[in-house]
Every structure is written in structure tokens, then in C-alpha cells.
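Presented below is the structure to which this report refers.
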Amino acid sequence: MSQALVPDRTCGSCTVCCHVLEVKTLAKPAGVLCEHSTGTACGIYRDRPSACATWHCLWRKIGALPDALRPDRAGVMLSLETDPAADDPFLRARIVCRAVHTPEALERWEAIEAVAMFAREGSLPVWTAFGPTASLIYPDAEQADRPRSAIGGRVEHPLGDPLHGPEAAAWRQRLGYAPEGADRPQDR
Ligand code: SF4
Ligand code: SF4
């Protein structure tokens with residue numbers, strides 16, 4: 001996925017990520033508006049931490065997402081999230097459509113279309129989330145069960161051959177696992 005920003009698209013008065021994200025260097029927890037936010041901008045813009053300066057939501061990175069999906073307008077924030085040590089392989093690298101203030105925001109057509117677009121594209125798992133509750137949308141539950149155990153390699157799948165199916169191999173590559181035969185990160 002490209003890390004370049006969409007030309008001529010700016011945050012404007014959006015400060016949603018200043019509310020949603022944890023900023024470790026500021027000891028700012030997730031889900032609380034940063035004390036440096038003015039409500040429409042960063043009050044320490046020139047001196048903000050590099051974690052803030054380098055982070056952008058997917059609305060800033062993907063031109064196919066409509067203007068209506070600017071997070072403060074849509075009530076959802078789309079982002080690429082990673083957790084390289086997660087037991088569930090579908091949490092290691094994922095697209096998340098996170099409702100900011102109310103879960104109903106996930107039911108708006110712009111959010112539904114965006115989730116569907118990332119699912120069609122298919123390169124990463126797609127989740128929706130509100131607070132601590134998250135749902136795996138792509139692959140769906142039925143599709144996920146077999147590769148979930150096969151990708152991670154921790155749980156033998158009852159249908160056998162868990163590590164060598166092409167589906168599992170494709171997911172392992174997409175999620176950044178070492179090639180089969182090499183040491184797997186989860187085996188440390
Ligand atoms: S959520 Fe996106 S659009 Fe809003 S301030 Fe953060 S990076 Fe900018
Ligand atoms: S320091 Fe600025 S950019 Fe970073 S979270 Fe706080 S208000 Fe947002």
C-alpha cells in the first residue's frame with residue numbers, strides 16, 4: 001500500500017486521530033483528546049512528536065476514499081494498524097474502520113463502501129471497530145478459520161496440511177511472516 005499522501009488533500013480542522021490514537025511520548029492514552037489539541041488543530045504543531053508528524057489516516061493516503069470520509073465528517077477513521085506480535089495473524093497487519101463516537105457511524109454508506117472496497121482489494125484483513133470491540137469483516141469468519149490456524153502455525157487444523165496450503169501461504173506473505181521453512185516470528 002502506498003505511503004504517499006493524496007495531493008491537495010489536507011486534514012483541515014479534523015483532529016480525530018488526536019483523539020483516537022495513543023501517543024506514547026506524550027503519555028496520551030487512546031480515546032482521549034490530546035491536551036495539546038485546540039479542537040481544530042495541533043497547539044504545538046511545530047514541536048509535535050515525530051509519531052504525530054509521520055502518522056496519517058488512510059483518508060489522507062488513498063484518493064479513492066471520498067471527501068465525505070474525512071474522519072471528522074464521517075465519524076469513522078480508516079487506518080492501517082499493525083501488531084507484529086499478535087497471536088491472531090489477522091491482527092498483525094490490518095485495515096481498520098473505527099467508529100469514533102458512535103457505532104452507528106459504521107452503518108453509513110460511505111463507511112460500508114470503504115470497507116467493501118478494501119475487502120475487494122483483498123491484500124490485508126479488514127476490521128471494523130468501536131472502542132474495545134472489533135469485528136473481522138474480511139476474510140469472513142468461515143473463510144478465516146482455516147487460514148487463521150494455518151498461517152500462525154500454532155494450531156494444527158483438523159483438515160491437515162496446515163502450513164502448506166496456497167491460501168495460507170498467500171496470507172503469510174501478505175502479513176509479513178517469514179517464508180515457509182524459515183524461522184517464524186511466533187516460534188521464538
Ligand atoms: S484523522 Fe486523518 S484527516 Fe483527521 S487529523 Fe488525523 S490524519 Fe488528518
Ligand atoms: S501533539 Fe498535536 S498532533 Fe499530536 S496528538 Fe497532540 S494535538 Fe494531535
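None of the values given here were measured: they were computed from a predicted structure. Each ligand, and each atom within it, is numbered from 1 in the order the structure gives.
- Nearest to atom 6 (Fe) of ligand 2 among the protein's heavy atoms is Cys34 SG, 2.4 Å.
- The distance from ligand 1 to the heavy atoms of Cys17 drops below 4.0 Å at these ligand atoms: 1 (S), 5 (S), 6 (Fe), 7 (S).
- Residue-ligand proximity, Ile44 to ligand 2, at heavy-atom distances under 4.0 Å covers atoms 1 (S).
- Of the protein's heavy atoms, Cys14 O, 3.2 Å lies nearest to atom 5 (S) of ligand 1.
- Ser37 places no side-chain N or O within donor-acceptor distance of the main-chain N or O of Leu33, the cut-off being under 3.5 Å.
- Judged by distance alone, with hydrogens and angles left aside, the side-chain atoms of Arg60 form no donor-acceptor pair with the main-chain N or O of Ala4 at under 3.5 Å.
- For ligand 2, the atoms closer than 4.0 angstrom to any heavy atom of Leu26 are 1 (S).
- No salt bridge links Arg73 with Glu110; every basic N to acidic carboxylate O contact stays at or beyond 4.0 Å.
- Backbone or side-chain N, O or S atoms of Cys57 do not reach atom 4 (Fe) of ligand 1 at under 2.8 Å.
- Between Asp83 and Arg94 there is no salt bridge, since none of the side-chain N atoms of the basic residue sits less than 4.0 Å from a carboxylate O of the acidic one.
- No side-chain heavy atom of Cys17 sits less than 4.5 Å from a side-chain heavy atom of Val20.
- Within a 6.0 Å radius of CD in Gln173, no more than 12 heavy atoms belonging to other residues, nucleotides or ligands are found.
- For the pair Cys97/Leu106, a side-chain contact is recorded, criterion being any heavy-atom separation below 4.5 Å from C-beta on.
- Atoms of ligand 1 lying under 4.0 Å from any heavy atom of Cys11, numbered from 1 in the order shown and given with element: 3 (S), 5 (S), 7 (S), 8 (Fe).
- Taking a cut-off of under 4.0 Å to the non-hydrogen atoms of Ser37, the atoms of ligand 2 that pass are 7 (S).
- Every heavy atom of Thr15 sits 4.0 Å or more from the atoms of ligand 2.
- The nearest heavy-atom contact from the protein to atom 8 (Fe) of ligand 2 is Cys18 SG, 2.3 Å.
- Distance from atom 4 (Fe) of ligand 2 to its nearest protein heavy atom, with residue and atom name: Cys52 SG, 2.3 Å.
- In this structure, Trp171 and Tyr138 have tilted ring planes: the angle between them lies in the 30° to 60° band.
- Atom 2 (Fe) of ligand 2 has as its closest protein heavy atom Cys42 SG, 2.3 Å.
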